[in-house]
Amino acid sequence: MEEKQFSGILNGAVPGEPVKKDENSRRGNWGNQIEFVLTSVGYAVGLGNVWRFPYLCYRNGGGAFMLPYFIMLVFCGIPLFFLELSFGQFASQGCLGVWKISPMFKGVGYGMMVVSTYIGIYYNVVICIAFYYFFQSMTNLLPWTYCNNPWNTAACVGVVSHPINATLVNATTTLAAGVTEVVNRTKRTSPSEEYWKHYVLNISDGIGNFGELRLPILGCLAISWFVVFLCLIRGVKSSGKVVYFTATFPYVVLTILFIRGITLDGAVNGIKYYLTPQWQKVLDAKVWGDAASQIFYSLGCAWGGLITMASYNKFHNNCFRDSIIISITNCATSVYAGFVIFSILGFMAHQLNVPVSEVADHGPGLAFVAYPEALTLLPISPLWSLLFFFMLILLGLGTQFCLLETLVTAIVDEIGTDWIIRNKTVVTLSVAIVGFLLGVPLTTQAGIYWLLLMDNYAASFSLVVISCIMCICIMYIYGYRNYFRDVEMMLGFPPPLFFRVCWRFVSPVIISFILIFTVIQYKPITYNDYVYPGWSLAIGFSMALSSVICIPVYALYKISRSPGATFREEHRTGHYAPMASEDTVEARPLKEKDELKEELKEEEKEKEKESKDEISLTIQGSNGSTNTHNNPNPSA
């Protein structure tokens, strides 16, 4: 009994008070709703909010880009987010189990798993590089500050003068004064760029030349996967506690960097460049396409993560409220991050006396080249570098937690045996080890080429196709009336009219527009001046199609194995049971057999405990409290 009391205290229970039980005793639930909201915010707010949105904003008309961005948020982003949350919460299943509503479309769930696998592999490589830069920032002098390192070339031109000795002061002053002339005359190769290409990556001459493993990066990849595994060792029970830090501290860092940034010379010019509206660009279809794509990819729709996270909610949780909060927080973070990025880039442009466009970049180029170089211009630059890369690590981990949990939950729910549920940690470890091994090729000298190939193809138009099919299946095959009724039973109120219209008509149209836009605007991938060969593009398209092909392949498999109609839902007969009265047309959740057995056992134990408690009321402890020892043997 003492052991049970001790473990209860470790789990946060107050002695003498009943321990709060999960509504779903088999799968478990979030400890509270704050954990779910923070996890979903951490999932949606990722690296793209920092290194992609600000670039898209200034490239597509500055402040004018906000108009199509928020219109797409309202008509596509929030409705799709609400749809996936309500879908997962109602079924209390991962991205595979939810398709009991229409077994023929279970391939959509497998497609989500494939996409999450691809993203999880390369996303953790990006996190491991951030880990590497974080460790390299633990020094008095950032290693990418000067051009006097073994890896630097003759083309390197630093923005900071190197105070070697007194005899070289005049020379270094002349060098610093001549930076502007060099920048204007030729494209400058910065110390941070050469550090990134020649030291961190030691990049090869092409995607087919793997070269050697970059052992420091490989070691950081192992650390990254180990951290993710530790945080998910008890599923949502452990990750739900971790997100109190990982989902909130990035905002502390962003605020610190923002306050530091706006106090620098030239910061205002950078922010003006970021926000000054160019209203003529609103008439450009490409701007609207970029806005729709950014909203879609930023919120993590069709990855399976939203469905998975919502499946651990209690059945009557208000996921409508949550979807509004999380979606708006995600987009507000993107806008806020733009101020942080462009205040520093404006300062750097001011120091170099060049336009902001000369120093602005996106993706890895912003995170590992442009921004680190700007940080070298600040006093106590290692401190700011540590904060920046620690923020990137936390942003990446928040997304990576959900990607791994999506795969683990889908596997555990699909197999569904008592053994695998009890040993979910083993599944988590196995998936983490496989993810690490699949990420090893990305730590070679050609790794950056493969990383960008996966980023551009594995999770591009395939997500749009999956999301569109999901909308069609729920609204028109399962039936929008059925689904609206499900949501009303779950939330206590029907979906607002606006969302019903968006789910049935507006959002599918916008998703189709994104797909068409993606196809029309397609350009073969390049990395700086390197053009990818045709065979690598074929691999990229194969990765993109591998998730989509799951849908027709599984449908054909299901048709061949099922004598009856596979369009009809199993979910309604499996999730509902009619009430006793025929006059009251009401439905209630129908538990699975194993769940019923477990609940009956729990009830029997509680009754037995209550009867023993009644007997023990007369036995008082030395401190006057009631002795609630359940052991019938007084000598135990």
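Being a predicted model, the structure only gives us computed values, none of them experimental.
Side-chain atoms of Ser467 do not come within 3.5 Å of backbone N or O of Leu463 as any donor-acceptor pair. At distances below 3.5 Å, not a single donor-acceptor pair connects side-chain atoms of Asp361 with backbone N or O atoms of Ala370. Panel note: side chain Ser224, backbone Cys220; no donor-acceptor pair is recorded below 3.5 Å. Between the side chain of Ser547 and the backbone N or O of Gly111, no donor-acceptor pair lies under 3.5 Å. Thr428 places no side-chain N or O within 3.5 Å of a backbone atom of Ile233 that could act as its donor or acceptor partner. Within the 3.5 Å criterion, the main-chain N or O of Val340 finds a donor-acceptor partner in the side chain of Ser343. No side-chain donor-acceptor contact under 3.5 Å links Ser298 to the backbone of Ile295. No donor-acceptor distance shorter than 3.5 angstrom exists from the side chain of Gln89 to the backbone of Ser311, with no hydrogens or angles considered. Using a distance-only test at 3.5 Å, with no hydrogens or angles considered, a donor-acceptor pair links the side chain of Thr399 to the main chain of Tyr43. A distance-only check finds a donor-acceptor pair linking the side chain of Ser293 to the backbone of Gly289 [under 3.5 Å].
Of the residues Trp450, Tyr122, Tyr123, the one that meets the side-chain hydrogen bond (donor to acceptor under 3.5 Å, both in side chains) test with Asp455 is Tyr122. Checking Tyr199, Trp144, Phe390, Phe388 one by one against Tyr133, the ring-ring contact (aromatic ring centres under 6.0 Å, His included) holds for a single residue, Trp144.
With contacts defined as side-chain heavy-atom distances shorter than 4.5 Å, the pair Phe82/Cys319 qualifies. Looking at heavy atoms from C-beta onward, Cys468 lies out of side-chain contact with Ile514 at the 4.5 angstrom threshold. Between Ile525 and Leu452 the shortest side-chain heavy-atom distance falls below 4.5 Å. For the pair Cys402/Thr308, no side-chain contact is recorded, criterion being any heavy-atom separation below 4.5 Å from C-beta on. In this structure, the side chains of Ile433 and Leu429 come closer than 4.5 Å at one or more pairs of heavy atoms. A heavy-atom distance below 4.5 Å is not found between the side chains of Phe81 and Asn330. You'll find the side chain of Val45 stays beyond 4.5 Å of the side chain of Pro250, heavy atoms only. Two residues are said to be in side-chain contact when any heavy atoms from C-beta on lie closer than 4.5 Å; Leu378 and Leu375 meet this criterion.
Scanning both residues, Val74 and Pro79, for their nearest heavy atoms gives O-CD, 3.2 Å. Of all heavy-atom pairs spanning Tyr274 and Phe339, the tightest one is CE2-N, 3.6 Å. Taking each heavy atom of Ile262 and Ile259 in turn, the nearest pair found is CG1-O, 3.5 Å. Contact detail for Phe342 and Ala360: the closest heavy-atom pair is CE2-CB, 4.4 Å. Scanning both residues, Lys281 and Val287, for their nearest heavy atoms gives O-CG2, 3.2 Å. Residues Asn49 and Ser334 share a closest heavy-atom pair of ND2-OG, 2.7 Å.
Between Trp30 and Phe36, the ring planes lie tilted relative to each other; the angle falls in the 30° to 60° range. Aromatic ring pairs are classed by plane angle as parallel below 30°, tilted from 30° to 60° and perpendicular above 60°; the pair Tyr527 and Tyr449 is perpendicular. Taking the six-membered ring where tryptophan is involved, the planes of Phe320 and Phe493 are perpendicular, since the angle between them exceeds 60° and thus also 30°. Ring geometry for Tyr55 versus His362: interplanar angle under 30°, hence parallel rather than tilted (30 to 60°). Note: Phe368 and Trp196 have parallel aromatic rings, judged against thresholds of 30 and 60 degrees for the angle between ring planes.
When only modelled atom types and interatomic distance are considered, Tyr336 and Thr255 share a side-chain donor-acceptor pair under 3.5 Å. In this model, a donor atom of one side chain and an acceptor atom of the other lie less than 3.5 Å apart for Thr409 and Tyr312. Side-chain atoms of Ser92 and Arg27 include no donor-acceptor pair closer than 3.5 Å. For the residue pair Tyr251 and Thr333, a side-chain donor N or O sits within less than 3.5 Å of a side-chain acceptor on the partner.
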Legend entry - Pair Glu35-Lys237, salt bridge (charged side-chain N to carboxylate O under 4.0 Å, His left out): steps then yes or no: CA-CA 9 Å; Glu35 292 181 7; Lys237 293 297 183 185; over 6 Å; no
Inset, instruction - Apply side-chain contact (heavy atoms from CB on, under 4.5 Å) to Arg214 and Leu201, showing your working. - result: CA-CA 7 Å; Arg214 301 293 298 142; Leu201 302 178; 5.9 Å; no
Inset, instruction - Please report the C-alpha distance between Phe131 and Ile127 in whole Å, then the side-chain angles of each, then the deciding distance to 0.1 Å, and finally whether the side-chain contact (heavy atoms from CB on, under 4.5 Å) criterion is met. - result: CA-CA 6 Å; Phe131 264 114; Ile127 297 171; 3.9 Å; yes
Legend entry - Residues Thr39, Glu405; criterion side-chain contact (heavy atoms from CB on, under 4.5 Å); working and verdict: CA-CA 11 Å; Thr39 300; Glu405 185 62 40; over 6 Å; no
Inset, instruction - Apply the test side-chain contact (heavy atoms from CB on, under 4.5 Å) to residues Trp384 and Ile344: give CA-CA distance (whole Å), side-chain angles for both, the deciding distance (0.1 Å), then the verdict. - result: CA-CA 11 Å; Trp384 306 111; Ile344 297 289; over 6 Å; no
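The line from CZ of Arg59 to OG of Ser357 is 13.5 Å long, rounded to the nearest 0.5 Å. If you take CD on Gln136 and OH on Tyr195, they are separated by 3.5 Å, rounding to the nearest 0.5 Å. Here the CG atom belonging to Leu345 is positioned 10.0 Å from the CD atom belonging to Glu373, to the nearest 0.5 angstrom. Atom CG in Leu67 sits 12.5 Å away from atom CG in Asn60 (nearest 0.5 Å). Atom-to-atom distance recorded for Arg260:CZ and Leu257:CG is 10.5 Å, nearest 0.5 angstrom. Once rounded to the nearest 0.5 Å, the distance linking CD1 of Ile511 with SG of Cys76 reads 5.0 Å.
Counting heavy atoms of neighbouring residues, nucleotides and ligands inside a 6.0 Å radius, atom CG of Asn140 does not exceed 12 of them. The local environment of NZ in Lys272 is sparse, with at most 12 non-hydrogen atoms from other residues, nucleotides or ligands closer than 6.0 Å. The number of heavy atoms from other shown groups lying within 6.0 Å of CZ (Phe226) does not exceed 12.
Under the 6.0 Å cut-off for aromatic ring centres, Phe75 and Phe498 qualify, their centroids lying closer than that.
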